[in-house]
Structure formats: structure tokens, C-alpha cells
Enquirer: 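Sharing a structure, written as C-alpha cells. Questions coming.
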Amino acid sequence: MKTQIFIAALFLSGFTFAQEKKDSIKTQKIEEVVMKKQVFKKQSDRFVYDVAASPVTKGNTTFDLLRQTPLLSTTDDKTLKIAGKNNALIYINGRKSNMDAESLAQFLKNTPAENIQKIEVITVPGSEFQVEASDGIINIVLKKKMSDGLNGNMRMSNSQNKYNSSSASFSANYRKDKLGISANLYGGDNIQAQHYILRNGNNSSSNESTGNIDDPNQYIGGYLNFDYQLTEKSNLGLSWNSSANRSYNSTVNLFNTIRSLDADTNQYNINYTNSRNKEDARSYNNSVNLNYELKTDSLGSKLNVNAAYLNYRRFQFTDNKTFFADSAGNDTGLGPTIYQNLPQIINNFSGTVDYIQKFKNDFTLSVGGNYNKTKTDNDTKNDTFIEGKPVEFAPNHFIYDENIYGMYLTLEKKFSDKFSGKIGTRYEITNSLGTSDNAAEEYRRIERNYNNILPYVSLNYAINDKNNISYAFSSRMRRPSFWELNPVRNILTEDNYTQNNPFVKASSTYNQELTYMFKNSYFLILNHSLFKDVITQVPLQRDILKPRRDEQGNPVLDPNGDPIMDSHKQLRYIRTNFGDKQEMSVMLGMQKTFFNQYLTTNFNIGVQRNVNNGSLSIDPTSGDVFPLYENKISSTSLLIQTNNTIRLDKKKTWFLGVNYFFVDKQQIELGMLKNLMSLDLSIKKNWNDWTFALNLNDVLRTNIVEIEDYQANGNYNYVRNDQFRRGGTFSITYNFGNQKVKKVRNIEGASDDIKSRTR
């Protein structure tokens with residue numbers, strides 16, 4: 001199932017480097033000098049890692065390479081995070097990737113890393129970037145190649161976790177004179193497996209659910225880019241991205257134990273049920289972008305114009321059945337059944353205009369604007385049956401229209417070889433309207449209109465060749481994702497579900513960061529983020545009365561023939577704004593090679609402090625009153641990460657990887673997240689144009705999420721989620737063609753900032 005009921009923690013990660021042997025001693029010496037200057041350095045607003053000469057890229061995917069980059073991390077093997085940030089946005093050659101979140105993850109995992117020149121991590125993006133909240137940017141800079149021709153690569157991989165999965169990809173790049181064409185096609189299948197233990201309640205009533213969720217997926221996707229040089233100063237580009245995912249026969253199988261205290265006997269009455277849910281879902285994403293770029297002078301000034309259209313469609317059909325059961329888990333009768341039809345269609349039209357003017361005195365002025373018009377159509381239906389008879393039909397056609405107008409101005413100045421600075425601001429206007437044709441009165445019309453001024457400043461001072469210090473401040477906002485606004489329930493069990501919320505409003509974030517670097521090998525980062533009106537899930541639980549039933553599901557009657565009512569615990573994970581939050585971190589890191597480059601190590605250690613301040617007692621989607629849920633707890637956590645690459649032979653064809661991370665327990669919105677850690681091993685062989693690799697993940701099987709929360713009113717909540725991360729992947733990669741072919745110009749899409757808000 002796609003439903004997720006927890007938020008994983010942030011932690012540190014790193015990247016390893018190695019140096020490829022050259023044909024002559026002279027070349028080798030030159031390469032060593034370049035490496036010392038470029039492998040790891042801090043520029044005015046970003047960290048830069050030169051990976052062009054590193055054999056660690058060969059045979060790896062882009063996702064493998066990114067997860068080893070300093071300050072980057074992933075706990076779920078799906079999403080990338082920058083330490084101290086909520087999210088990491090992917091850019092390619094300075095332009096945002098033109099894919100939705102799910103498609104982007106598959107794309108990165110199926111794209112070989114051989115063509116990457118360097119990776120830039122922008123922890124505090126400037127005003128010219130359209131990012132939200134405390135998001136950072138990962139900019140992938142591709143190698144520049146100078147001749148015409150055709151090249152590409154093919155990759156095949158097979159993975160074994162709880163289930164087996166496979167994937168394959170093909171990429172090609174063609175250039176002839178003024179025309180460049182690039183294409184990528186990837187596909188595969190997998191079964192995302194999870195095991196849950198869920199407990200919630202208090203001394204008078206409680207629920208416990210244990211069991212498995214299996215989500216089979218078949219996916220295919222790719223892109224096609226055309227770039228034509230109109231004149232020496234202008235280019236015209238057309239990009240098309242497409243992806244599709246089919247997830248049929250996703251299943252939830254949970255065994256539920258429901259306890260309720262009988263006030264007369266002071267004994268617990270226990271009922272057992274099975275939740276057996278089945279889901280068929282499929283999604284499609286297509287986007288097209290037209291780009292025009294004009295270079296206006298020899299200093300690098302240019303005009304960039306984009307127009308784009310995005311269409312996203314997701315169709316989801318679920319049946320959620322509750323079976324009465326005995327203590328051994330055997331079905332004894334059919335209880336309530338809920339059928340859901342949960343489609344979502346998104347159409348977006350977007351445009352951007354950016355102009356950069358460079359002056360001879362190292363002064364740069366950037367100005368631009370953007371417009372996004374988005375319409376989402378959610379024609380949902382919820383039909384409830386008891387004993388095969390319909391008892392409730394709840395259709396709700398929710399339409400959401402949103403218009404965003406934005407403009408920015410950025411001034412950047414290099415005052416001397418040692419000191420530089422950047423200052424800027426964004427001004428954004430957001431107008432949105434959500435309407436329902438068959439819902440409660442409060443759903444019928446939800447209108448939001450707000451304006452935001454978002455300042456930014458960055459200062460960088462190179463004390464000398466060995467010491468560098470920088471400071472940055474930015475203000476951002478986070479708009480809710482479109483699926484978060486759609487007022488539907490995603491049902492896990494009869495008494496446990498997540499609830500989206502059309503009343504969620506945008507949140508604000510204020511980020512500060514101070515960085516010190518020494519000898520381009522050691523760094524110290526101090527970060528502070530303040531979040532206002534945090535958008536998150538809040539677990540609200542209350543007691544509801546239900547008829548007591550025997551093992552066959554029949555109501556238990558009192559002497560008068562009336563059903564005996566017991567107290568049951570209902571748990572709702574409500575998507576809403578939940579107070580304020582602060583995150584503070586101190587990170588000390590090192591990236592260095594030893595023993596004549598036989599060992600390359602990246603070690604990070606840090607401390608993160610979370611300060612939460614939120615409370616909620618009313619379901620904003622229904623007005624139902626719950627016992628107060630409060631999270632005003634702070635925590636301080638230790639973070640450790642090390643990545644090591646060991647060269648096993650002189651020819652630099654065999655490599656061993658040893659990677660480890662540890663995240664101490666920390667307080668998040670849902671409660672106390674217990675510590676996480678993982679040991680990953682890999683071995684790789686480079687042979688001419690072939691690369692063979694074997695990766696073993698979570699060898700010790702310690703990357704399992706556990707969250708627990710205890711409230712002052714006696715309510716508790718516990719979640720244990722095992723996603724079977726321990727496993728292995730074997731891959732084969734082959735590079736073909738003229739490896740000097742110039743890469744096609746990558747183009748920023750006008751609708752790119754909308755992508756991350758789709759599912």
C-alpha cells in the first residue's frame with residue numbers, strides 16, 4: 001500500500017572518492033594537483049565535489065552516487081535528504097529535473113553515473129531558486145564532451161530482499177552539428193514489502209495490529225530531449241518526460257486484537273478481527289517543456305524562457321474488509337466492508353522568464369518571474385456495507401484550483417578574491433479555491449489568498465588558502481501537496497486510518513547556516529531552522545462505543561435483549577498544521593584519502609536538537625473532539641556516518657566499499673523515533689567498458705523504524721515498521737559508442753516546482 005504513517009529521521013551521509021590512474025607519470029602528477037584543488041571545496045553558496053576522475057562512479061547508478069555524497073542521506077532507499085533539511089531537490093546542470101517524485105526516484109536508480117562531472121550541494125538556495133520550506137538542492141553537473149557521434153550505456157540489475165526485483169535501463173546521446181538528441185528508457189518490477197506492529201490505547205481500551213503489507217509494482221519511464229542551436233547565441237529545446245506505474249493486487253493483512261475494560265467485572269473483553277485490504281492502482285505522468293535561451297553578451301549574460309504543460313493521473317480502487325476472527329486468527333464471519341474509488345487528475349500550465357546580467361566588475365544581477373496554474377480533480381467515492389447490505393454512500397467531488405505568481409531579484413558581488421556576497425528576495429502571490437459538490441457545508445468552498453516576501457542573504461570569506469567561512473539566511477514557505485488537500489481517508493484497519501485535510505495552509509520556514517572549511521578536507525556546519533505552522537500527521541485517538549461480539553461476530557445481548565456496548569479505541573492520523581518546530585545541528589566532517597589513495601574515507605559526526613511545540617484536540621476535517629494530543633518535547637541526538645572505499649589492486653579495477661551510519665533516538669511529530677543504523681558492503685570490478693557490482697545493504701538488519709509516544713492523559717501509540725532493507729543487488733553496466741560526444745543541453749521546465757507536490 002502507498003499509505004505511510006510515519007516520518008523518518010534526518011541523518012548524515014557521505015561520499016567517497018578515488019583517483020583513476022593515467023597513462024603517464026606526467027599526467028598523473030597534473031591530475032593529483034587538480035584533485036587537491038577541486039575534489040572537495042566550498043564556494044559562495046554551495047559545496048562542490050569533483051567526481052569526474054573517480055572510478056567509484058563507474059557501474060554505479062546516480063542514486064548510489066548521491067547517497068554517498070557528504071551531507072546527503074537516505075533512510076528509506078527512496079528519497080534523498082540534506083542534513084538539517086526536509087528535502088533535497090534534484091537539479092541537472094543548474095536546472096530542476098522535470099519529473100514527479102516517484103518517477104524521479106526510479107530515474108535516478110536506473111541511470112548510470114559515468115557521465116557525472118561533479119555534484120553540488122546547495123544547503124541554503126538563493127532567491128532565484130523556486131524551493132519550499134527548508135529544502136536544499138543537489139545539482140548534478142554532467143561532463144562536457146566535444147565531438148559529434150553517438151554514445152550511451154545499458155544497465156541491468158537484480159535485487160533480493162524479502163522478494164526478488166529486477167530493472168533495466170538504456171540511455172543514448174546523439175549529436176550532429178547543431179542538433180543534439182538524448183533519450184532514456186527504463187523499466188522494472190518490484191514488490192515493496194512491509195511488516196507492521198501497531199499499538200495504541202490506554203488502560204481502559206486498546207488496539208494491536210500486526211501483519212504484512214505487500215505492494216507489487218511494474219513501472220516504465222523515460223525522456224526524450226531535443227536541442228537545436230539556432231545561432232551562435234541562441235538555442236531552442238523541447239523536452240518530453242513520461243512515466244507509468246501499475247500496482248495491482250496490493251494487499252494489507254493485519255490481525256487485530258481489541259481490548260476493552262468491563263467496568264462491572266473489572267475484566268478485559270477481547271475481540272479479534274482480520275483486516276484484509278486489496279488495492280489496484282495505476283498512475284501516469286506526462287510533461288512537455290519548450291525552452292528558448294539567448295546569450296546576450298560574452299560575459300555570460302543570458303535570457304531563459306520556458307513554457308510547460310504537465311498532466312498527472314492516478315487511479316486507485318480499494319476494498320477494505322474486516323473479518324471477525326478467533327484468537328488463532330481464523331476468520332469466523334464478515335464484518336464491515338468499505339469500497340473506495342480515489343482518483344486524482346492534475347493539470348498544470350506554467351511559464352518562467354529568467355534574465356542574468358553579468359558585469360565586468362564581478363557583479364551579477366538576476367531577475368525573473370514565474371506563473372503556475374494548477375487544477376486538481378478528485379472524484380472520490382466511499383461505499384460502506386455491513387452484512388452485505390449498503391449502509392452509507394459518501395461521494396465527494398473535490399476540485400482544487402491554484403494560481404501562483406512569483407518574481408525575484410538577486411544581486412551578487414565579488415568584492416575581492418577573498419570576499420563575496422549575494423542578496424535577494426522573492427515575492428509570491430498564491431490564490432487557491434477548493435470546492436466540493438457533495439460534502440459537509442465547511443467543505444463546499446475553501447478559499448486561500450496570501451502574499452509572501454522571502455528574503456535571502458549569503459556571505460563568503462576566504463581567510464586564506466586553507467580556511468574559508470560562510471553564512472547564509474533564507475526565508476521560505478511550504479505549500480501542501482495536492483494529495484494532502486484531497487479530503488479522503490486511507491484505511492488501514494476499521495479503527496485506524498489516515499485523513500487528508502483541505503484546510504491545511506502553507507507553512508513558513510526560516511533557515512540560518514554558518515560553515516567553516518579547513519584545507520578543503522574538513523568542515524564544520526552550524527544550522528538552525530524555525531518552522532511555523534508545520535504541516536504533518538497528528539495521531540488523534542478517542543473511545544467510541546461498538547457492540548460487543550462473540551467469535552462468530554454476533555452481538556452479545558444483555559438480559560433485556562439489548563446489545564452490550566464496549567469502548568473501542570479509534571486512531572486517526574490527521575494531516576494538519578501542528579504548531580512550531582525548531583531544528584538545530586552541529587556537524588563536523590572529513591573527506592580525505594590515505595595510503596597513496598588506496599583508502600578514501602568520509603567521516604561525519606554531529607549533534608542534532610529538535611524542539612517541538614504543537615498540540616491538537618479537534619479533527620479539523622470533521623470537528624470531532626479528541627483527548628488532547630501534545631508534543632512539546634525536545635531531544636538531542638548523536639549522528640555518525642562513515643563511507644570508505646578501499647582499492648584492492650594497482651590497476652584500479654577492484655574496489656571494496658564499507659559504509660555505516662548511526663542515528664540516535666530523536667523526538668519527531670509522531671513521538672520518539674528510536675535509533676537507526678545500517679552497515680552496507682559492496683564490491684565492484686571494472687573490466688574495459690563493463691562494470692560488475694554487488695551491493696549488500698543493511699547487513700546487520702538494524703534499519704527498522706520504531707516510534708513510541710506516551711501522553712499525559714494516559715494514551716499511548718507505538719509503531720514498528722520493517723521494510724526488509726537487508727538484501728543484495730547485482731548489476732552489470734556496459735558503456736558503448738563515442739565517449740566524447742557532447743551532452744545535450746539540459747533544460748529547466750516551467751512546471752518543475754509543481755512536480756514535488758504530486759504524489
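Starting from 1, each residue takes its place in the sequence as its number.
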Enquirer: Using every non-hydrogen atom in the two residues, find where Ser420 and Lys414 come nearest and quote the distance to one decimal.
Expert: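 That closest heavy-atom pairing would be CB-CA, 4.0 Å.
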Enquirer: Taking atom CG of Asp649 as the centre, does the number of heavy atoms from other residues, nucleotides or ligands within less than 6.0 Å exceed 12?
Expert: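 Counting other residues, nucleotides and ligands, CG of Asp649 exceeds 12 neighbours.
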Enquirer: Do Tyr516 and Asn467 pass the side chain to side chain donor-acceptor pair (under 3.5 Å) test, and can you show the C-alpha distance, the side-chain angles, and the key distance before you say yes or no?
Expert: CA-CA 7 Å; Tyr516 168 72; Asn467 298 272; 2.3 Å; yes
Enquirer: Indicate yes or no for a side-chain donor-acceptor contact from Lys413 to the backbone of Asn361 under 3.5 Å, with no hydrogens or angles considered.
Expert: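 Answer holds: yes.
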Enquirer: Would Ser239 and Asn225 count as having a side-chain donor-acceptor pair, cut-off 3.5 Å?
Expert: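 Short answer, yes.
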Enquirer: For Tyr510 and Gln512, does a side-chain donor sit closer than 3.5 Å to a side-chain acceptor?
Expert: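 Tyr510 vs Gln512: no donor-acceptor pair found between side chains.
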Enquirer: Is the shortest side-chain N to carboxylate O distance from Glu232 to Lys295 below 4.0 Å?
Expert: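 A salt bridge is absent here (no side-chain N lies under 4.0 Å from a carboxylate O).
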Enquirer: Can you name the closest pair of heavy atoms from Val48 and Glu120 and give their distance?
Expert: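 Minimum heavy-atom separation between Val48 and Glu120: CG2-CG, 4.2 Å.
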Enquirer: Using a 6.0 Å cut-off, check whether atom CG of Asp465 has over 12 heavy atoms from anything other than its own residue.
Expert: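 No, because the 6.0 Å sphere around CG of Asp465 holds 12 heavy atoms or fewer from other groups.
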Enquirer: Do you see a donor-acceptor pair shorter than 3.5 Å between the side chains of Ser678 and Asp680?
Expert: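 Yes.
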Enquirer: Just wondering, more than 12 heavy atoms not from Phe595 lying within 6.0 Å of its CZ?
Expert: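 Atom CZ in Phe595 is not packed in, count stays at 12 or less.
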Enquirer: Taking the six-membered ring of Phe531 (Phe, Tyr or Trp), confirm whether the NZ or CZ of Lys581 is under 6.0 Å from its centre and within 45° of its axis.
Expert: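 Lys581 over Phe531 ring: yes.
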Enquirer: Knowing that exactly one of Thr601, Asn659, Val658 qualifies, which makes a side chain to side chain contact (heavy atoms under 4.5 Å, CB included) with Asn643?
Expert: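 Result: among Thr601, Asn659, Val658, Asn659 is the only option passing the side chain to side chain contact (heavy atoms under 4.5 Å, CB included) with Asn643.
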Enquirer: Of all the heavy-atom pairs spanning Asp297 and Lys358, show the shortest one and how long it is.
Expert: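 Heavy-atom minimum between the residues: OD2-O, 4.0 Å.
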Enquirer: Start with the C-alpha distance between Asn291 and Asn304, add both sets of side-chain angles, then the distance that settles side chain to side chain donor-acceptor pair (under 3.5 Å), and finish with yes or no.
Expert: CA-CA 7 Å; Asn291 168 265; Asn304 199 298; 2.8 Å; yes
Enquirer: Mark yes or no: Arg647 above the aromatic ring of Tyr598, with NZ or CZ under 6.0 Å from the six-membered ring centre and no more than 45 degrees from the axis.
Expert: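 That pair qualifies as a cation-pi contact.
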Enquirer: Hey, mind stepping through Thr733 and Asn735 against side chain to side chain donor-acceptor pair (under 3.5 Å) and telling me if it holds?
Expert: CA-CA 7 Å; Thr733 305; Asn735 292 284; over 6 Å; no
Enquirer: Taking Ser127 for the side chain and Thr425 for the main chain, is one N or O donor matched with an acceptor at less than 3.5 Å?
Expert: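 Here the side-chain-to-backbone pair exists.
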Enquirer: Quiz question: by atom type and distance under 3.5 Å, do the side chains of Asn372 and Tyr405 form a donor-acceptor pair?
Expert: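 Per modelled atom types, Asn372 and Tyr405 side chains form no pair under 3.5 Å.
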Enquirer: Have a look at Thr636 and tell me which of Met584, Gln667, Gln666, Arg609 forms a side chain to side chain contact (heavy atoms under 4.5 Å, CB included) with it.
Expert: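 When side chain to side chain contact (heavy atoms under 4.5 Å, CB included) is applied between Thr636 and each of Met584, Gln667, Gln666, Arg609, only Arg609 qualifies.
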Enquirer: Can Ser182 and Asn173 be counted as having a side-chain donor-acceptor contact under 3.5 angstrom?
Expert: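 Looking only at side-chain atoms, Asn173 and Ser182 do not form any donor-acceptor pair under 3.5 Å.
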Enquirer: Is it the case that the side chain of Ser521 and the backbone of Lys519 share a donor-acceptor pair, with hydrogens and angles ignored and the cut-off at 3.5 Å?
Expert: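 Side chain of Ser521 to backbone of Lys519: a pair is present.
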Enquirer: Using atom types as modelled and distance alone, determine if a side-chain donor or acceptor of Ser585 lies under 3.5 Å from a backbone N or O of Gln608.
Expert: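 Not at all, since once roles are kept as given, no pair shorter than 3.5 Å links the two residues.
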Enquirer: Quick one: do Glu293 and Lys302 make a salt bridge, cutoff under 4.0 Å?
Expert: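 Between Lys302 and Glu293 there is a salt bridge, with a charged N closer than 4.0 Å to a carboxylate O.
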Enquirer: Using a 4.5 Å cut-off on heavy atoms from C-beta on, say whether the side chain of Thr642 contacts that of Phe661.
Expert: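 They are not in side-chain contact.
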Enquirer: Quick test of your reading of the model: are Glu428 and Arg479 salt-bridged, counting only N-O distances below 4.0 Å?
Expert: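 A salt bridge is present here (some side-chain N lies under 4.0 Å from a carboxylate O).
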Enquirer: Quick one about Ser171 and Asn184 (side-chain donor to acceptor, distance below 3.5 Å, no hydrogens or angles considered), yes or no?
Expert: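 Looking only at side-chain atoms, Ser171 and Asn184 do form a donor-acceptor pair, the distance falling under 3.5 Å.
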Enquirer: Is there a donor-acceptor contact under 3.5 Å linking the side chains of Asp580 and Gln582?
Expert: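 No, because no side-chain N or O of Asp580 sits under 3.5 Å from a partner of the opposite role on Gln582.
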Enquirer: In terms of side-chain geometry, is the basic nitrogen of Lys422 or Glu128 positioned less than 4.0 Å from the acidic oxygen of its partner?
Expert: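 Yes, charged N to carboxylate O under 4.0 Å.
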Enquirer: Against Arg46, only a single residue in Ile122, Thr123, Ile119, Val124 fulfils side chain to side chain contact (heavy atoms under 4.5 Å, CB included); can you say which?
Expert: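 The passing option is Ile122.
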